[in-house]
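Each chain gets a letter, A, B and so on, in the order its sequence line appears, and its residues count up from 1. Side chains are part of it too, since the values below use all heavy atoms of this structure and drop only hydrogens, waters and symmetry mates.
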Amino acid sequence: MSTGQQSTPATPEIGLVGRSRLLPPLRAHGDRTWRRWRVPFTQRGALDYITAFNPISLVAERRIVDKRLLWWLAALLVLVIVPPLFGNDSFIGAGTTFAMFSAINIVWMLTIGTAGIFSLATLAVVGVGAYGTAYLSVYWGFPWWAMWIAGPFFGAGFGVLIALPAIRLEGFYYALLTVGVAELCRVWVVQSRTLGAANNGLYGADGFVPADMSTTGGITLGYFLALAMMVAALALYTYVNGQRLGRLLRAAPEKHEAFAEALGINYRAARIQVFLISSAALGFVGAFYATLLHGASPSLFTMDQLLLLLAMIVIGGIGTTEGAVAGTLIVVLLDKVFIGLGPLRLVLIGAIMLGTVLFLRGGIFGVAAQFKNWTAKRRSERRAVSRGKGGIVMPEEATEIHDKQNIAIGLFQLRLRGELKALVNDALIEEHRTTPRSRRSDNLERVLNYFRMAPMAEKYGVLMVKPFAEYRIVAISGRRGVPPRAVDDQMFTTPEDADHGVFLKRVQDLMES
Amino acid sequence: MDPYYVALTTITLASIYGLLALGISIIWSSLGMINMAQGFTFALSGYGAWLVSQYIGTNGVVVVAGGVLTGALAGALVGGIAFIPLYDKPNFPLRSLIATLAIAMLGSQSLLYWFGPRVKALPKVFGVGSIHIGSAVASYDKIGTIVCSAALLLITLAWMKRSRRGLEIRAMMQNPEGAALVGVGLRSTAMSVMMMTGAMTGLAAVLLSQNFFVSPFAGTMPLVKGMVVALAGGLGSVAGALIAALLIGLIEAMTAVELGGQYVLITQFAFIIAVLLVRPRGIAGMIEHTRE
């Protein structure tokens, strides 16, 4: 699978030459044109900007190249303010679901986007974390904070189990195997008596909400904690994806392992590392789930829940965090707003997912790029059709032409011919016939100048056979010592008539070109 | 442990798993697509057979034919939605996988919406009764299952070996581009592959519904089992799928007898992971480069 290459977020920035004027300049202090601080543990600044002195005003100006961080901050601000202020309990609960699934999807993006491994056991890892910590709490009396500590260990342990086949297996084999592993887990928890087979889930775990808190307060606390978890997941994604490990993984996508290995990349170790990291994070999400809902349910392992999760990242676009969050938002909204529709809302989500995958290449966040691509393609098609093949040089031909100026000249001549053709009409030809020795109109001079510009080889000329009696049209060979050849049998009695005959021939050639 | 009973159960399971796995395997090798909507095809065929038994007749042949036809139609539907629009688009393998997953979700929820969550029972198409083989008791169900699936498997394999369409399918399995160059229509061949595998799944649905019920989500387990068998056998290999079906059927029968029914999936997964770790492409899997 070539997910890793095609849908990684790092769309190459086309140089800033043509675009920088579109970025609004901000005042910057002249002393501080360089980045003074960096994101901890990384080599980069938080905001990608360029600083330059304005050549006219000599003021230091700063232009923000990548505004995504600002968008993220604005979106997070909305998420922090809006639901607790304006929503009721169920709305805030839906927000908690959204934040939790966003965290899961962002972490999933590390394996499915950065590493390009189509693992479908993500929710199973969360489920293992949830069940494991719920088990510890129910049977061993772990408090909620100890469950949060234990969660990543369960996740990482399970992550090792599912990472081992990932080293050997390729693409589809692995995707199918992970689906099977999730189903195996579901069957196991449904049948196991210790894991609550009787009451459809293992319940009774400790929760993080203090006992003396109101219902709304508890729900709001859960929402803010889930939101914090989502931000943590984003930080983890940015850190892993943007740093050494992410680069190693993106250099070794599916089917390019041999190439990566030849470069000295130990892709097996990198994959195990990313599985460990993401599984530990997912295990923590599982522990959070268990403390939020006071237990775990087998629905975490069902195929339907997995498909819902997949729908989220597919709608948003595989490979980007903003896609993961936006897709989650859409699916959770549809799921919670149209809850009265019953199964039909899942049909709706499935239809949106199907439409996305049939028509879009990179989810909703790939629409802009795809549209741009499409318009560029249409434009080039139209250009090719309207101009014909004439002076257009295809790229593969251009490599054969030594003097590249000839390409431009050909193109210029093509346009010139197009303009001159529009000038030629019966009146112009009649003018040429009637005014052999006098001043011509501007249009006729333009046409004649073009004819005079023609190269010597195969240029038409007039041959005097008998003075003042017999003239005929010839084509000049263009080579020294090679006589001109007769073009046709037509005889003219005056040189003016012959000139006009040459003109007619040239006009004919022009109109036929 | 009764060897006759184990053998009989093994063969019954193997014939159903063989039908399911062969479908997945052939689709993958000829179309380059993992058909996750096989479970939906399975469930829809069950409902098709149920509708036939409700409105047309409960004769065994009619019910089986209804299931097989519905399966073929469902296969054509999946092919028309997930293969035809996507096969020449960039990133086809992943997008078709997601498309079939979307169909699986859409389909099972639609079935839930139309038919409700209550399960349906199919009539006993092979009648009720049993005969004795050695010390084991073989019910008509088991005999019928073995005979029907063996017949369909043999017909399919002979058709793929003898007919012109079968030749085209095999050409496409070896090299789709080469097949297209020598005049094999990729779309029509793909649709016939989808219909054929859909019919196989439909038969498996009717046969399996003799012991289980028809429900919107009945397809998940057969899908997983079919995939397990196809993986262990190696995607794209008919012989491998049949061998793996026998082995996995044997493991299931042995586990059910020796350890208990709840350990079946675990031993099967232990087996398949062991197989895949030794042979990453399954028992007789095609080399990836052949397919591309």
Turns out that what part of L161(A) lies under 4.5 Å from chain B's heavy atoms comes down to neither

Closest heavy-atom pair, M303(A) versus L101(B), reported as atoms and distance to 0.1 Å, is CE-CD2, 4.1 Å

For Y113(B), is the OH atom crowded, meaning more than 12 foreign heavy atoms sit under 6.0 Å from it? no

What one should report as the nearest heavy-atom pair of T220(B) and E183(A) is CG2-OE1, 3.7 Å

Of L308(A), V187(A), V179(A), L177(A), the largest count of non-hydrogen pairs under 4.5 angstrom with chain B goes to L177(A)

Highest number of heavy-atom pairs under 4.5 Å with chain B among D304(A), T302(A), L164(A) belongs to D304(A)

The interface call for V278(B) against chain A, heavy-atom contacts under 4.5 Å, is backbone

Let me see the working for M36(B) and L176(A) under side chain to side chain contact (heavy atoms under 4.5 Å, CB included), right down to the final yes or no. CA-CA 9 Å; M36(B) 289 290 203; L176(A) 295 184; 3.4 Å; yes

Taking a cut-off of under 4.5 angstrom between non-hydrogen atoms, the residues of residues 344-352 of chain A near chain B are L344(A), L346(A), V347(A), I349(A), G350(A), A351(A)

Bottom line for S108(B): the part with an atom under 4.5 Å from chain A's heavy atoms is side chain

The interface call for L223(B) against chain A, heavy-atom contacts under 4.5 Å, is side chain

In short, A99(B) meets L354(A) closest at the heavy-atom pair O-CD1, 3.5 Å

In this structure, CZ of F118(A) is separated from CD1 of I34(B) (nearest 0.5 Å) by 11.0 Å

Heaviest contributor of heavy-atom pairs below 4.5 Å to chain A, chosen from K225(B), M227(B), R95(B), is R95(B)

Applying a strict 4.5 Å limit to non-hydrogen atoms, the region of V224(B) in contact with chain A is side chain

